[in-house]
Amino acid sequence: MNDEDDPSGVRSVAVSGLVSSSLIAALIRKLAEKGVLSDMDTREIYDDALHSLEVGQADADAETQEMYRLAREVIEGPLRDT
């Protein structure tokens, strides 16, 4: 896919979001492994991220709310594991 196939830049935004998400997740994991973040700190980070998504979802239109719901499912996974 090139820019002509994606004039609104949706693909670029999606790729950027994936890169950011994976880097942040890796950073949290590495900081926890090194003992910089406690288990409670890690849980609070995920709780805060979930809360941020919930706040954004409340003001979103129906289509965007679905994206927030999917993002919340991703965040809720690690919360179940802690």
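No hydrogens, no waters, no symmetry mates; every other heavy atom, side chains included, goes into these values. From a predicted model like this one, the values you see are computed outputs, not experimental measurements.
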Supply the atom-to-atom distance [X] [atom1] to [Y] [atom2], rounded to the nearest 0.5 angstrom.
X	Y	atom1	atom2	result
Glu54	Ile75	CD	CD1	10.5 Å
Ser52	Asp48	OG	CG	8.5 Å
Arg29	Lys34	CZ	NZ	14.0 Å
Arg43	Leu50	CZ	CG	9.5 Å
Gln65	Asp59	CD	CG	9.0 Å

Glu44: partners by salt bridge (Lys or Arg N to Asp or Glu O under 4.0 Å), with sequence neighbours left out: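 Glu44: no salt bridge (Lys or Arg N to Asp or Glu O under 4.0 Å) contacts found.
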Non-neighbouring partners of Glu73 that pass salt bridge (Lys or Arg N to Asp or Glu O under 4.0 Å), sequence neighbours left out: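 Result, salt bridge (Lys or Arg N to Asp or Glu O under 4.0 Å) vs Glu73: Arg69.
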ILVMFWY network linking Ile24 to Val36, side-chain heavy atoms under 4.5 angstrom: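 They do share one cluster, since a chain of ILVMFWY contacts under 4.5 Å joins Ile24 to Val36.
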Joint cluster assignment, Leu27 & Tyr46, ILVMFWY side-chain distance < 4.5 Å: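 Both belong to a single hydrophobic cluster.
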Full working for side-chain contact (heavy atoms from CB on, under 4.5 Å) between Leu53 and Gln57: CA-CA 6 Å; Leu53 288 171; Gln57 185 177 15; 6.0 Å; no
Check: Ser38 main-chain N/O paired with Thr42 side-chain donor or acceptor under 3.5 Å: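 Checking the backbone N and O of Ser38 against the side chain of Thr42, a donor-acceptor pair under 3.5 Å is found.
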Among Leu37, Ile45, Asp41, the one residue meeting side chain to side chain contact (heavy atoms under 4.5 Å, CB included) with Leu31: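 Answer to the side chain to side chain contact (heavy atoms under 4.5 Å, CB included) test with Leu31 among Leu37, Ile45, Asp41: Leu37.
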Side-chain donor-acceptor pair present, Asp61, Thr64, cut-off under 3.5 Å: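 Yes.
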Cluster companions of Leu23 among Ile, Leu, Val, Met, Phe, Trp, Tyr (side-chain spacing under 4.5 Å):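 Traced through the cluster, Leu23 reaches Val15, Val19.
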